[in-house]
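Atoms within a ligand are numbered from 1 in the order they appear, just like the ligands themselves. Computed from a predicted structure; not experimentally measured. Computed over heavy atoms, backbone and side chain alike; hydrogens, waters and symmetry mates excluded.
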Amino acid sequence: MTNSLYSNLIEPNLNNNKTFLILDDGTEISYKDFISLSSKISHKLTNLGLKSGDHILVKSPKCKETLSLYLTSILTGSVFFPLNSNYTLNETIYFIEDSKPSFLICESSEVESIKPICDDIGCRILSLNANGEGDVTNDLENFDSSFKPNIRVKDDLAALLYTSGTTGKPKGAMLTHQNLVSNAHQLINLWNIDKSDTLIHALPIYHTHGLFVAINTSMMSGATIRFIKNFNIDLVIEAFKYSTLMMGVPTFYTRLIKDKRLDRSVTKNMKLFISGSAPLLTETHQDFYNITGHQILERYGMTETNMNTSNPFDGERKAGSVGKPLKDISIRINKTKGDKDTVLNKIGMIEIKGPNVFKGYLNNPEKTQEAFTKDGYFITGDIGYFDKDGYLFISGRNKDLIISGGFNVYPKEIEDVINQHKSVIESAVFGIKDNDLGEVPIAAVVMINNNTKIKDLSIFVEKNLVKYKTPKKYLVLNELPKNVMGKVQKNILKDKYS
Ligand code: MCA
Ligand code: AMP
């Protein structure tokens, strides 16, 4: 038995007739049938030239066929690289050129525009649409429903997920089979997940949260997944009746709290509500408890590390805290110069070491080296402290990052696009509080001519960036506040315009 995703996710379920996915139209698909579908796709892609170790970039929308490509990557020993299906062409080009995939899967409407970039690097492009139709699934009846897996070992790469880390352009975090398997085991034990559970899954499947935390834990424990395309509150509330678990970002919970249907009786079948990817306000934790009697369990993770800490299933779930380090994961607070002392005198950079920590950034040894301390701890860029009971509190970030509805938005990336507009001299993007999404980006811009229409600028930005990164508001200023070193003082902008 190796420690691979195959031996943990697929092998135990090869003959499992239990329902794996319940889809929005009520269709149920068993583990066995889902693995058969993935096996057929594996044969098809192998015939087209997919090999062990190849990168497979999957940009198709959330549907069972897109998810089956994850299993296809495991069966064929290739490296799964999921990407937001809404990314613009410009954003997508960067990822293709940086990751050099052998296969790229996207909606048929995008094939024509993306194909020339794929052709340049010898990457094969196939279509897959939201309804599951496309090149990937055409003529699958001609392929065998079992597939002899390409065995991978624990240090082999399983997935590539892009993140901007603390600075700069997105970098491909290389995650190994061991990273993913060890983390899922820990979470199953900690959260008491087993085959009697049904998980409400309304997250995207191109991030750690919706893919690894949700899918790996469910498959490893033989649980059922209510697979919802996106956070549709009616479908989520309907699913409470027969489900036991939900994993979500804080926006899921603030939206539920506002809904009159949420109460104790509608959630009485639910065992556990989990939140992560962004800070859950103490007030949200408290309101949800008052309405439903459930204490949301908050946990903390990163693309590079999977999950690091969690509040307990049994025991105190502290509002405002992300809980205690997972077993086998060492977390320390590295006091950085200039930080204010807390009562415990221990506020500082959160650093992490353990089997969950990624292998490095693809083709980027310098950034990989910068991301680790000399003694091998990963530097998260998050600032925090432990309380006397060993619970971790995240109190800030040492990285210019806005988390909007659980999506990470890097101001520098937006500023770079805004500054390319011919009427802009300079810009500063910063986050302001938002009741629904936690934070949203807004932009302060200095224009060559103040009469330039902001509409032109916003159209330009929307052409280049996916919707969640586009500033919700533009402020035209005569100048940006700067310190003596010439650095823009975003805190001043934030205080003034929040
Ligand atoms: C949608 N919009 C957004 C966002 N989502 N704008 C800013 N931030 C967002 N997150 C835009 C839409 O394009 C739309 O624009 C408008 O806002 C309203 O859309 P709405 O229908 O309300 O959005 P939605 O489809 O309901 O989405 C909100 C959401 C979604 C459910 C919160 O963003 C979401 O699923 N977030 C989860 C992200 C996630 O999985 N993060 C995990 C990262 P317009 O009206 O102008 O058309 S993994 C991670 O962070 C680590 C590892 C961890 O610890 O988990
Ligand atoms: P990413 O690597 O893009 O998935 O984003 C990871 C970042 O999300 C972390 O470094 C934190 O800043 C933030 N994050 C994740 N979970 C939490 C949480 N429970 N509370 C606060 N911030 C979180």
Side-chain angles (χ1 to χ4, degrees), residues 62 82 84 86 161-166 170-171 173 175 179-180 183 187 201-214 228-236 247-256 274-282 284-285 296-311 318-323 349-352 356 358 371 378-384 392-410 414 431-432 434-442 458 462 465-473:
K62 184 176 180 182
N84 188 334
N86 295 319
L161 256 65
Y162 274 70
T163 171
S164 288
T166 47
K171 300 179 285 290
L175 294 151
N179 293 152
L180 303 178
N183 212 241
L187 298 177
H201 190 302
L203 289 161
I205 51 171
Y206 45 73
H207 279 311
T208 298
H209 196 165
L211 184 62
F212 305 135
V213 185
I228 305 178
K229 272 201 189 279
N230 51 27
F231 185 74
N232 174 321
I233 199 158
D234 297 337
L235 295 182
V236 167
M247 296 179 189
V249 293
T251 301
F252 284 20
Y253 295 103
T254 50
R255 288 188 184 177
L256 282 165
I274 302 170
S275 178
S277 308
L280 182 79
L281 297 181
T282 305
T284 310
H285 188 275
I296 300 169
L297 179 153
E298 187 171 10
R299 68 16 170 218
Y300 158 58
M302 285 188 79
T303 301
E304 290 94 332
T305 62
N306 291 280
M307 298 305 101
N308 303 312
T309 68
S310 173
N311 274 281
K318 289 196 186 187
S321 165
V322 293
M349 178 65 72
I350 300 171
E351 295 179 348
I352 294 170
N356 56 322
F358 74 137
F378 175 66
I379 305 164
T380 62
D382 293 313
I383 306 292
L392 182 67
F393 287 76
I394 300 177
S395 52
R397 295 176 207 133
N398 191 20
K399 48 190 174 189
D400 196 10
L401 164 68
I402 299 163
I403 305 184
S404 179
F407 282 124
N408 285 4
V409 178
Y410 294 90
I414 307 172
I432 58 165
D434 181 83
N435 287 339
D436 184 39
L437 297 166
E439 283 180 294
V440 289
I442 70 170
S458 73
E462 279 176 33
L465 294 173
V466 64
K467 195 74 194 243
Y468 73 83
K469 292 183 198 164
T470 58
K472 301 285 172 199
K473 201 160 116 187

Visitor: Among protein heavy atoms, which lies nearest atom 31 (C) of ligand 1, and at what distance?
Guide: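 Checked against all protein heavy atoms, atom 31 (C) of ligand 1 sits closest to F231 CB, 3.6 Å.
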Visitor: Please state which protein non-hydrogen atom is closest to atom 17 (C) of ligand 2 and give its distance, to 0.1 Å?
Guide: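 Residue, atom and distance for the closest contact: A278 N, 3.7 Å.
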Visitor: Check whether any side-chain N or O of T309 sits under 3.5 Å from a backbone N or O of V322 as a donor-acceptor pair, and report yes or no.
Guide: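 Judged by distance alone, yes, a pair lies under 3.5 Å.
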Visitor: Taking all non-hydrogen atoms of both residues, which atom of L175 and which atom of T303 are closest, and how far apart?
Guide: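 Where L175 meets T303 most closely, the heavy atoms are CD2-O, 3.7 Å.
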Visitor: Nearest protein heavy-atom contact for atom 20 (N) of ligand 2: which residue, which atom, what distance?
Guide: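 Protein heavy atom at minimum distance: E298 OE2, 3.4 Å.
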Visitor: Distance to 0.1 Å, residue and atom name: give those for the protein heavy atom nearest to atom 42 (C) of ligand 1.
Guide: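 Here the nearest protein heavy atom works out to S277 OG, 3.3 Å.
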Visitor: Under a 3.5 Å distance rule, please check whether K171 uses its side chain to pair with a backbone N or O of S164 as donor and acceptor.
Guide: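 Yes; at least one donor-acceptor contact below 3.5 Å.
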Visitor: In terms of residue, atom name and distance, what is the protein heavy atom nearest to atom 3 (O) of ligand 2?
Guide: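 The answer is N408 ND2, 2.4 Å.
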Visitor: Which residue and non-hydrogen atom of the protein lie closest to atom 17 (O) of ligand 1, and at what distance in Å?
Guide: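 Result for atom 17 (O) of ligand 1: K472 NZ, 3.7 Å.
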Visitor: Does an N or O from K467, backbone or side chain, lie closer than 3.5 Å to an N or O of ligand 1?
Guide: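 Between K467 and ligand 1, an N or O pair is found under 3.5 Å apart.
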Visitor: Should R299 be counted as touching ligand 1, given the test is an N or O pair under 3.5 Å?
Guide: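 Indeed, backbone or side chain, R299 has an N or O that close.
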Visitor: Under 4.0 Å from any heavy atom of L203, which atoms of ligand 1 are there?
Guide: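 Going through ligand 1 atom by atom, the ones under 4.0 Å from L203 are 40 (O).
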Visitor: Please write down residue, atom name and distance for the protein heavy atom closest to atom 4 (O) of ligand 2.
Guide: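 Closest protein heavy atom to atom 4 (O) of ligand 2: T303 OG1, 3.0 Å.
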Visitor: Distance-only, no hydrogens or angles: does the K62 side chain make a donor-acceptor pair with backbone N or O of Y206 under 3.5 Å?
Guide: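 Here the side-chain-to-backbone pair does not exist.
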Visitor: Can you tell me if T208 contacts ligand 2 (heavy atom of the residue under 4.0 Å from the ligand)?
Guide: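 Heavy atoms of T208 never come under 4.0 Å of ligand 2.
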Visitor: Strictly inside 4.0 angstrom of atom 14 (C) of ligand 1, do you find any protein heavy atom?
Guide: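 Under 4.0 Å from atom 14 (C) of ligand 1, zero protein heavy atoms found.
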Visitor: For ligand 1, which is the ligand I care about here, please tell me if N408 has any N or O atom under 3.5 Å from one of the ligand's N or O atoms.
Guide: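 Such a contact does not occur with ligand 1.
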Visitor: Considering only the protein, which heavy-atom contact is closest to atom 19 (N) of ligand 2, and what is its distance?
Guide: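 Nearest protein contact, heavy atoms only, for atom 19 (N) of ligand 2 is R299 O, 2.8 Å.
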Visitor: Do any non-hydrogen protein atoms sit less than 4.0 Å from atom 40 (O) of ligand 1?
Guide: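 Yes, there is a protein heavy atom closer to it than 4.0 Å.
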Visitor: Check whether any side-chain heavy atom of M302 lies under 4.5 Å from a side-chain heavy atom of S277, and answer yes or no.
Guide: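 M302 vs S277: side chains apart.
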Visitor: Among all protein heavy atoms, pick the one closest to atom 15 (C) of ligand 2 and tell me residue, atom and distance.
Guide: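 The protein heavy atom lying closest is G301 O, 3.4 Å.
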Visitor: Any idea which part of M307 is under 4.0 Å from ligand 2, heavy-atom wise: side chain, backbone, both or neither?
Guide: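 The answer is neither; M307 stays 4.0 Å or more away.
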Visitor: Within ligand 1, which atoms have a heavy atom of F252 less than 4.0 Å away?
Guide: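 Listed by number with element, the hits are 31 (C).
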Visitor: For atom 19 (O) of ligand 1, decide whether some protein heavy-atom distance is shorter than 4.0 Å.
Guide: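 Within 4.0 Å of atom 19 (O) of ligand 1, no protein heavy atoms are found.
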Visitor: Quick one: which ligand 1 atoms are inside 4.0 Å of a heavy atom on T251?
Guide: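 Heavy-atom distances to T251 below 4.0 Å select 32 (C).
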Visitor: Classify the angle between the aromatic ring planes of F378 and F358 as parallel (below 30°), tilted (30 to 60°) or perpendicular (above 60°).
Guide: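 Perpendicular.
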Visitor: Is atom 8 (N) of ligand 1 close to the protein, meaning a heavy atom under 4.0 Å from it?
Guide: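 Flag for atom 8 (N) of ligand 1 set to true, protein heavy atom closer than 4.0 Å.
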Visitor: Could you tell me if N84 and Y468 have a donor-acceptor pair between their side chains, going purely by distance under 3.5 Å?
Guide: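 Note: Y468 and N84 side chains miss the donor-acceptor criterion.
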Visitor: Using only atom types and a distance under 3.5 Å, with no angle test, would you say the side chain of H201 pairs donor to acceptor with the backbone of G210?
Guide: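 Indeed, once roles are kept as given, a pair shorter than 3.5 Å links the two residues.
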Visitor: Counting neighbours of NZ on K473 that are heavy atoms of other residues, nucleotides or ligands and sit closer than 6.0 Å, is the number greater than 12?
Guide: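 Atom NZ in K473 is not crowded, with 12 or fewer foreign heavy atoms closer than 6.0 Å.
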Visitor: Would you mind running through ligand 2 and noting each atom that sits below 4.0 Å from a heavy atom of I403?
Guide: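 Answer for ligand 2: 8 (O), 13 (C).
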Visitor: I'd like to know if N230 contacts ligand 1, where contact means a heavy-atom distance under 4.0 Å to any ligand atom.
Guide: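 No, N230 has no heavy atoms under 4.0 Å from ligand 1.
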Visitor: Which bit of S277 gets closer than 4.0 Å to ligand 2, counting heavy atoms only: side chain, backbone, both or neither?
Guide: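 Within the 4.0 Å criterion, S277 contacts ligand 2 through backbone atoms alone.
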Visitor: Does ligand 2 have any atom sitting under 4.0 Å from a heavy atom of H209?
Guide: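 The answer is no: ligand 2 sits nowhere under 4.0 Å from a heavy atom of H209.
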Visitor: Looking at V322, which atoms of ligand 2 are within less than 4.0 Å of one of its heavy atoms?
Guide: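 Those qualifying, in numeric order: 18 (C), 19 (N), 20 (N).
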Visitor: Are more than 12 heavy atoms from other residues, nucleotides or ligands located less than 6.0 Å from atom CG of D234?
Guide: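 Yes, because the 6.0 Å sphere around CG of D234 holds more than 12 heavy atoms from other groups.
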Visitor: Looking only at N/O atoms, are G405 and ligand 1 under 3.5 Å apart anywhere?
Guide: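 It does: an N or O of G405 is found under 3.5 Å from an N or O of ligand 1.
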Visitor: Can you measure from OG1 (T284) to CD (E298) and round to the nearest 0.5 angstrom?
Guide: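 The distance works out to 9.5 Å.
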Visitor: T303 heavy atoms, cut-off 4.0 Å: which ligand 1 atoms fall inside?
Guide: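 Checking each atom against T303, I get 52 (C).
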Visitor: So, does S321 use its side chain to make a donor-acceptor pair with the main chain of F393 at under 3.5 Å?
Guide: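 The answer is no, because no donor-acceptor pair under 3.5 Å joins these two groups.
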Visitor: Please could you name the atoms of ligand 1 that M302 approaches to less than 4.0 Å, counting only its heavy atoms?
Guide: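 With M302 as reference, the close atoms of ligand 1 come out as 52 (C).
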Visitor: Which protein non-hydrogen atom lies closest to atom 30 (C) of ligand 1, naming both residue and atom, and how far is it?
Guide: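 Answer for atom 30 (C) of ligand 1: F407 CE1, 4.0 Å.
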Visitor: Closer than 4.0 Å and a protein heavy atom, does any atom meet both conditions relative to atom 37 (C) of ligand 1?
Guide: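 When distances to the protein are checked, atom 37 (C) of ligand 1 has a heavy atom within 4.0 Å.
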Visitor: Does the side chain of L256 come within less than 4.5 Å of I233's, by heavy atoms?
Guide: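 Yes. Closest side-chain heavy atoms under 4.5 Å.
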Visitor: Closest non-hydrogen protein atom to atom 1 (C) of ligand 1, residue and atom name please, with distance?
Guide: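 Ranked first by proximity to atom 1 (C) of ligand 1 is Y468 CB, 4.8 Å.
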Visitor: Heavy atoms, side chains only, cut-off 4.5 Å: are L161 and F212 in contact?
Guide: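 The answer is yes, as the side chains (C-beta and beyond) meet within the 4.5 Å cut-off.
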Visitor: Give me the nearest non-hydrogen protein atom to atom 24 (P) of ligand 1 as residue plus atom name, then the distance to 0.1 Å.
Guide: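 Among all protein heavy atoms, the one nearest atom 24 (P) of ligand 1 is R255 NH1, 4.0 Å.
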Visitor: Do any nitrogen or oxygen atoms of Y300 come within less than 3.5 Å of a nitrogen or oxygen of ligand 1?
Guide: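 Not met; the criterion fails.
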Visitor: As an exercise, state the distance from OG1 of T254 to CG of D434, rounded to the nearest 0.5 Å.
Guide: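 Rounded to the nearest 0.5 Å, the OG1-CG separation comes out at 9.0 Å.
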Visitor: Would a distance-only check, ignoring hydrogens and angles, find a side-chain to backbone donor-acceptor pair under 3.5 Å from N311 to K318?
Guide: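 Checking the backbone N and O of K318 against the side chain of N311, a donor-acceptor pair under 3.5 Å is found.
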Visitor: Does a donor on one side chain and an acceptor on the other come within less than 3.5 Å for N356 and N308?
Guide: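 N356 vs N308: donor-acceptor pair found between side chains.
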Visitor: Could you state the interatomic distance from CG (L280) to OG (S275), rounded to the nearest 0.5 Å?
Guide: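 Rounded to the nearest 0.5 Å, the CG-OG separation comes to 4.5 Å.
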Visitor: Once you round to the nearest 0.5 Å, how far does OG1 of T305 lie from CD1 of I352?
Guide: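 It comes to 5.0 Å.
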Visitor: For S404, counting its heavy atoms only, list the atoms of ligand 1 lying under 4.0 Å from any of them.
Guide: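 It comes down to these atoms of ligand 1: 7 (C), 8 (N), 9 (C), 10 (N).
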Visitor: Answer yes or no for atom 52 (C) of ligand 1: protein heavy atom present at a distance under 4.0 Å?
Guide: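 At least one protein heavy atom is under 4.0 Å away.
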Visitor: Please report which non-hydrogen protein atom sits nearest to atom 35 (O) of ligand 1, along with the residue it belongs to and the distance in Å to one decimal place.
Guide: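 Protein heavy atom with the smallest distance to atom 35 (O) of ligand 1: P204 CD, 3.7 Å.
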Visitor: Considering only protein heavy atoms, which is closest to atom 9 (C) of ligand 2, and at what distance to one decimal place?
Guide: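 The answer is D382 OD2, 3.3 Å.
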Visitor: In terms of atom number and element, which parts of ligand 1 are under 4.0 angstrom from non-hydrogen atoms of G406?
Guide: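 Reading through ligand 1 atom by atom, the close ones are 38 (C), 39 (C), 41 (N), 42 (C), 43 (C).
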Visitor: Could you tell me whether a side-chain N or O of T380 sits under 3.5 Å from a main-chain N or O of E351, the two making a donor and an acceptor?
Guide: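 Judged by distance alone, no pair lies under 3.5 Å.
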Visitor: Which residue and atom name correspond to the protein heavy atom nearest atom 21 (C) of ligand 2, and how close is it?
Guide: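 Residue, atom and distance for the closest contact: P279 N, 3.4 Å.
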